[in-house]
2 protein chains.
Amino acid sequence: MRDVTVGTETVLGKATLILRSFAIGDQALPLAELVRRTGLHKATVYRLCQELVALRLLARESSGYRLSGGLFELGMRASAERGLLELAIPFLLDLYERTHETVHLGVLDGAEVVYVSKINGHRQVRSPSRVGGRMPLHCTAIGKVLLAFGDPSLRQSVLSKPLERRTPHTIVAPGSLSKAVTAIRRTGVAFDREESALGITCVAAPLVGADGAVAAISLTGPTGRFRPERHVAALQATAVALSNVMVRRGFPGYRGG
Amino acid sequence: MRDVTVGTETVLGKATLILRSFAIGDQALPLAELVRRTGLHKATVYRLCQELVALRLLARESSGYRLSGGLFELGMRASAERGLLELAIPFLLDLYERTHETVHLGVLDGAEVVYVSKINGHRQVRSPSRVGGRMPLHCTAIGKVLLAFGDPSLRQSVLSKPLERRTPHTIVAPGSLSKAVTAIRRTGVAFDREESALGITCVAAPLVGADGAVAAISLTGPTGRFRPERHVAALQATAVALSNVMVRRGFPGYRGG
DNA sequence: GACCTACGTCTCGGTGAGCGAAACGTTCGA
DNA sequence: TCGAACGTTTCGCTCACCGAGACGTAGGTC
């Protein structure tokens, strides 16, 4: 399902390839499926899976293998994400209580958004975002904020490649996007009006740590009911308060990778 | 800092050993520290770290290595934890809004609690729990619930070993714990009155999935102000509602490992 | 300045862990 | 009854991995 270009010739490379071949919604995958996705030899995948199970990185199920709790534990020790998350949670809760809309916290990694937290109530908004998941920069509110307040070289590299059209509303003209980004830099707020998924509207504001823009928070709702303009004040207030704490604590700043 | 007994003779074993040698609060660890913690040869750790960086499982910092965002992404795909988490979040939020106290969601893994979620406001409760972290069963509210509603063999094995004393209030007499567990089974609620950490009080209730008790939720607060008895009703109501949803969705059930 | 220690990096020859072709038993559905 | 797909196991070859050791540097002590 994914092709990794680095080091498939080493054991470690093969093992990570297997682990990463699990998509975000997957439950248990049978051996043959892993063979298909990774392109590795059947015996190799079999042997490695055995070992990964012994190491508690995979778990055996009747229908195949799944990523195990050991990986969850390990992942939650990644310091950059965890530090930001622990700092942010009380603020995200504030925002949720004031609005009762879905709250996201996202960071930049490479040229994509990675969602670090998602807080939502019972009202189901069928948004494609998931914690630990990725989305493009140009069609999400958080992404556009990161684009606007991030490194200029990033802006250039994103604008130089063709932009993927996700919905009829996705901004794919580099000129329009560039203009939008400039406006976002001025206003400090970005919108996503069904640009990443139909029926979904978002607003986002930047979080500025001790060393520049590092992350963003957003509110998400269904296009009909959800009025993003109404929540701009609360969103920005939260973003500013959280940014202050980040700076005060000398937050090291989120660095992708 | 930790000794893993499996497969240190394979590359994969060594790599996981390195990754797991990061404790939960660690930022960046220098090479020498990793050598010390793992007991591996300097050149080996060096080589493996190089490769782990290339695979985006570690990140290079001026002061050493840290667990990278790639691990966070991977960890969030662990299906059992993620499935439970996504289902539970709206309910945990309800509970937080009603009480404004710290909410935990924990599951059983081996003979310990693993925290899957922690929701807290600005009021800092200096509790030792962290998402992805572990605590013993016998001295935490969630742990005692899991003990009470979990497999009888687990109960026996925990009671047969000497119980670690964490505070003067920790129940270390097997007889007393056994009695407490019986009471918990009857009442459906467990308390932790400064048994795991001084100044910390908790209440917990079980989550029962399609195939038996699989998890527990709890409320935590500072001993002085926090009155656990006042929140029992809200806690249990939330637990029941969430359990119902778990059963209705045929929640596969959390299985450790 | 001279000495020492600790650290990160790199080299190199020996060897055993890992490789993949192939065979095997089983369970499906055709 | 046949065939296809799957999980499992064997086996001999070979190359990726190992660890002793050397090297340059930084920092601390006398």
Side-chain angles (χ1 to χ4, degrees), chain A residues 1-23 26-68 70 79 252 255 257, chain B residues 1 3-23 26-68 79 252 255 257:
Chain A
M1 198 109 310
R2 170 126 42 132
D3 259 72
V4 175
T5 51
V6 280
T8 310
E9 59 279 358
T10 76
V11 203
L12 228 51
K14 284 176 190 141
T16 15
L17 183 59
I18 291 176
L19 293 179
R20 288 211 234 259
S21 75
F22 284 81
D26 293 334
Q27 290 285 340
L29 299 181
L31 183 66
E33 177 62 19
L34 291 176
V35 171
R36 235 172 282 121
R37 294 191 183 190
T38 58
L40 298 174
H41 192 277
K42 185 171 41 159
T44 305
V45 177
Y46 176 73
R47 222 180 314 117
L48 287 180
C49 284
Q50 296 271 0
E51 197 172 351
L52 288 170
V53 168
L55 292 167
R56 301 194 353 263
L57 298 178
L58 283 185
R60 185 87 227 223
E61 216 112 308
S62 57
S63 54
Y65 300 90
R66 62 170 175 81
L67 298 182
S68 111
S79 47
R255 243 163 305 166
Chain B
M1 199 107 314
D3 258 71
V4 174
T5 51
V6 278
T8 309
E9 58 278 359
T10 75
V11 203
L12 228 51
K14 285 176 191 142
T16 15
L17 184 59
I18 291 176
L19 293 179
R20 289 210 233 258
S21 75
F22 284 81
D26 293 333
Q27 289 286 340
L29 299 181
L31 183 65
E33 177 62 19
L34 291 175
V35 170
R36 235 173 281 122
R37 294 191 182 190
T38 58
L40 299 175
H41 191 277
K42 189 175 32 163
T44 306
V45 177
Y46 175 72
R47 222 179 315 117
L48 286 180
C49 284
Q50 296 270 1
E51 196 172 351
L52 288 169
V53 168
L55 292 167
R56 300 194 354 261
L57 298 179
L58 284 184
R60 185 86 227 226
E61 215 112 308
S62 58
S63 53
Y65 300 90
R66 62 171 176 80
L67 299 183
S68 109
S79 48
R255 244 163 304 166

Nearest heavy-atom contact between A:Lys42 and A:Val35 is CA-CG2, 3.8 Å
For A:Leu40 and D:dG7, give me the distance from atom CG to atom P, rounded to whole Å.
-> 15 Å
Could you tell me the separation between the NZ atom of A:Lys14 and the P atom of C:dA17, rounded to a whole number of Å?
-> 16 Å
From the list C:dT9, D:dC18, D:dC17, which nucleotide is the closest neighbour of the side chain of B:Thr44?
-> D:dC18
Provide, to the nearest angstrom, the distance between the CG atom belonging to A:Leu12 and the P atom belonging to D:dC17.
-> 8 Å
Is there a donor-acceptor pair under 3.5 Å between the side chain of B:Thr38 and the backbone N or O of B:Ile18?
-> no
How close or far is atom P of D:dG7 from atom CG of A:Leu58, stated in whole angstroms?
-> 14 Å
Between OH of B:Tyr65 and C1' of C:dC7 the distance, given in whole Å, is 12 Å
Among D:dC17, C:dA21, C:dG8, which is the nearest nucleotide to the side chain of A:Ala43?
-> C:dA21
Charged N to carboxylate O under 4.0 angstrom, B:Glu33 versus B:Arg37?
-> yes
Touch check for A:Ala32, heavy atoms < 4.0 angstrom, all strands: base, sugar-phosphate only, or nothing?
-> sugar-phosphate
What's the CD-P distance between B:Glu33 and C:dG8, to the nearest Å?
-> 10 Å
Nearest listed nucleotide, side chain of A:Tyr46, among C:dT9, D:dC17, D:dT9 = D:dT9
Nearest heavy-atom pair of B:Glu61 and B:Arg66: which atoms, and what distance?
-> OE1-NE, 2.9 Å
Does B:Lys42 place a side-chain N or O at less than 4.0 Å from the phosphate oxygens OP1/OP2 of C:dC10?
-> no
Which atom names give the shortest non-hydrogen contact between B:Leu29 and B:Ser21, and what distance separates them?
-> CD1-O, 4.4 Å
Just how far, in rounded Å, is P of D:dT8 from CD of A:Glu51?
-> 16 Å
Look at the side-chain N and O atoms of A:Arg36 and state whether any lies under 4.0 Å from the OP1 or OP2 oxygen of D:dA5.
-> no
Looking at the side chain of A:Arg47, which of D:dT8, C:dC19, D:dC18 is the nearest nucleotide?
-> C:dC19
Can you tell which of C:dG20, D:dG19, C:dC19 lies closest to the side chain of A:His41?
-> C:dG20
What is the distance, rounded to the nearest whole Å, between atom CG of A:Leu48 and atom C1' of D:dG7?
-> 15 Å
